[in-house]
There are 2 protein chains.
Amino acid sequence: MQDMVAPNIKDCSDCPIRHRAVCARCEPDELELLEDIKYYRSFSAGQTVMWAGDRMDFVASVVSGVASLTQTMEDGRTQMVGLLLPSDFVGRPGRETAAYTVTATSELVMCCFRRKPFEQMIDTTPHIAHRLLEMTLDELDAAREWMLVLGRKTAREKIASLLSIIARRDAILSKNAERKSLAFDLPLTREAMSDYLGLTLETVSRQISALKKDGVIVLEGKRRILVPDMYRLIDEAGDDSDGGFLS
Amino acid sequence: MQDMVAPNIKDCSDCPIRHRAVCARCEPDELELLEDIKYYRSFSAGQTVMWAGDRMDFVASVVSGVASLTQTMEDGRTQMVGLLLPSDFVGRPGRETAAYTVTATSELVMCCFRRKPFEQMIDTTPHIAHRLLEMTLDELDAAREWMLVLGRKTAREKIASLLSIIARRDAILSKNAERKSLAFDLPLTREAMSDYLGLTLETVSRQISALKKDGVIVLEGKRRILVPDMYRLIDEAGDDSDGGFLS
DNA sequence: AACCATCCTTGATATGGATCAAAAGGCGGA
DNA sequence: TCCGCCTTTTGATCCATATCAAGGATGGTT
C-alpha cells in the first residue's frame, strides 16, 4: 500500500495537465513554476488514493489508468459520482478536505500539484483560471449527462452508455476515433460498474451477457470488449449523449 | 407569452449576482459596466425560457422564483438536471447554444447579462472569473450529491431529499435558517418533482401522502408544506446531504 | 499441481415502483 | 355560479431490477 514515484515519466510533456488544464498558453517561466510544484504518484488497482474527509494537500491530473470518485451512505450504499480517465483533473482549489473518496480502479499514475502554490498560480495567471473554469464546466455537463442515465435509462441502456463513454475516451486516447469498430479493456470491475450505474453487480453481469448474446459486443475474456459496430452500441444507449464520437 | 421588464427592480442591489457571483469585490466602474449589460426578464409558471439548442445570447441569475434545467430523450423521457433557485446562475460563458431546456416552474424573474460583454468582463476581471469558478464548483458538488439521490435512494428518501433542499434554501432566503420547524411553498408540480427525482408523478404523490400520514410533513392545500421537525425530515432523506441546514 | 481469494455468471424468487385507470379537488373564465 | 381544464390522489395490476443463493472461472501463492 505504498505510493511510489512513477519511474517512467521525466517531464511535463507526458503530463495531461500540460495540454488540457494549464499549459496550452503558458509562458516558459510559468512552466518552470509548474515543474517546481509537481510530483508523480502511482497506485495499484483497488488502492484508495484518499478518503472523503481527508485533508487534501494537492490537486492532480490522471496520467494513465482510471480512478473513481465515490460517495457512500452510512448503510453502505455507494454511488460513483465521477470516473477519472487519463487527462481528467481531480481536486477542488480552495477546499481543504476531500468531498469524495478517490479509488484507483486500475493501475493509476497521477500528476500531483501542491495545492497552495497551485492556487496562487490560479490567482496570478488568468488563463489558468480560465482553463480550469472550462474544465469544471465540462465536468458539470458530464455530471448532468449522467443524471439522465441514472434517472431515466433502463439497465441495458445504462450499460451501453457506460461502454460508449469508455470506448469513446479510449478511441480518442489511441487516436482511433471515428473508426466504426474498436476494442478496449474495461478498467472497471462489475461492482464498480454497478456503483457507477446505480445497479447491482448481478444486473450488470446479466445485461453484459445480454448485449453479448445480441451481438452488440463481443467479449474476449471478462475484461476485453470488442465493439463490431459503434453506432449500434450508441443506439443501444438510447440517445445522442455519445454523439461526440461521431465528430 | 411575452417577456416583460420586471417593474419592481431598479438597480443591482436587488440582483443576487451582485452578492453571489460578481459584485462582492467589484470596483465602482466595474459595477457601472455591469449595469450597462444587464436587463431583467420575467416569466410566468410553465413558460419556457429557452430550448436546448437555442442560441443563447445571455447568461443570467435568478432573482425570484424557480426555474429548471431539463434534458429530454427522443421518446419523451425527461430528466431535470438542475433546479435554479433565487441567486443561482445559469448559462455557460463561451458556449453559443443552450445545452438544456430552461423552464420557469413558478413566477420567475431573471437578471440577464449580455453574453459577449460578460465574457469580456470575465477575461479582464480576475475576481469575477474566480467567483464564477467557485459557483461552478458548487454546482458540480450539487450535481454529484444528486447522483447519489438518483442512483441509490428509495422513492421516499428521494422525496425527503428534495423537500430538505427546498426547505433549506427557503430558510436561508427568509433568514429562518437553524429553526427546527418551518413552512414553505412547493415551487414545483408533482410532475416536475418526478422529473427531478427520476420517478413517476404517481409515485411522488403516493410518497408525499405517506410522509404526511407518518407526520413527517403537514400539507396546507397541495403546495404548502409544514415541516414540524426538520431533523426528522433530514433523517428520512437517508444521509447527511442536507447537513448544511445545521450550520 | 493444488489451494485460495476474487471476480463473475446464472438461477429462483421477491418487491418497489411503473403503468393503466378512474375519480376528486382547484381554479380561471364565461 | 357553473363549466371545463389541469393537477393531484388513489386503486389494481404488472414488470424490471433487487435479493438470495450457488457454482464456475481466473490468477496468484506455496
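Throughout, a chain's letter reflects where its sequence line sits, starting with A, and its residues are numbered from 1. What you see is a predicted model; the values in this text were computed from it and never measured.
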Donor-acceptor check, side chain of A:S194 to backbone of A:V204, threshold 3.5 angstrom: yes or no? no
Please list residues of residues 204-216 of chain A whose heavy atoms come under 4.0 Å from any atom in DNA chain D, ordered by number; otherwise none. A:R206
Examine C:dC8: is either OP1 or OP2 under 4.0 Å from a nitrogen or oxygen in the side chain of A:R223? Give yes or no. yes
Below 4.0 angstrom, N of the basic side chain to O of the carboxylate: do A:D75 and B:R152 qualify? no
Between A:S161 and A:S164, is there a side-chain donor-acceptor contact under 3.5 Å, judged purely by atom types and distance? no
A:K153 side chain vs A:K158 backbone, donor-acceptor pair below 3.5 Å: no
Salt-bridged, A:R77 to B:E157, with N to O below 4.0 Å? yes
Short of 4.0 Å, heavy atom to strand atom, which residues of residues 186-194 of chain A count as contacting DNA chain C? A:T189, A:R190
Rounding to a whole Å, what distance do you find between B:R224:CZ and D:dT8:P? 16 Å
Between A:W51 (side chain) and A:Y100 (backbone), is there a donor-acceptor pair under 3.5 Å? no
Would A:L186 and A:I166 count as a side-chain contact (heavy atoms from CB on, under 4.5 Å) if you check the C-alpha gap in whole Å, the side-chain angles of each, and the deciding distance to 0.1 Å? CA-CA 8 Å; A:L186 260 186; A:I166 295 173; 4.0 Å; yes
C:dC7 P sits how many Å from A:D195 CG, rounded? 12 Å
In whole angstroms, the gap separating P of D:dT17 from NZ of A:K158 amounts to 8 Å
Please report the distance, rounded to the nearest Å, between CG in A:L201 and P in D:dT19. 11 Å
Is there a side-chain contact between A:T203 and the phosphate of D:dT17, meaning an N or O under 4.0 Å from OP1 or OP2? no
Of the nucleotides D:dT19, C:dA18, C:dA21, which has the atom closest to the B:L199 side chain? C:dA18
Evaluate side chain to side chain donor-acceptor pair (under 3.5 Å) for A:Q47 paired with A:S44, printing each intermediate quantity in order. CA-CA 6 Å; A:Q47 254 190 301; A:S44 53; 3.3 Å; yes
Of A:G198 and A:K222, whose nearest nucleotide on DNA chain D comes first from the 5' end? A:G198
Determine, for B:R232 against B:D214, whether the closest basic-nitrogen to carboxylate-oxygen distance falls under 4.0 angstrom. no
Would you indicate, yes or no, if D:dT17 has its OP1 or OP2 atom less than 4.0 angstrom from a side-chain nitrogen or oxygen of A:T200? no
Interatomic distance, A:K153 NZ vs C:dG17 P [rounded to whole Å]: 22 Å
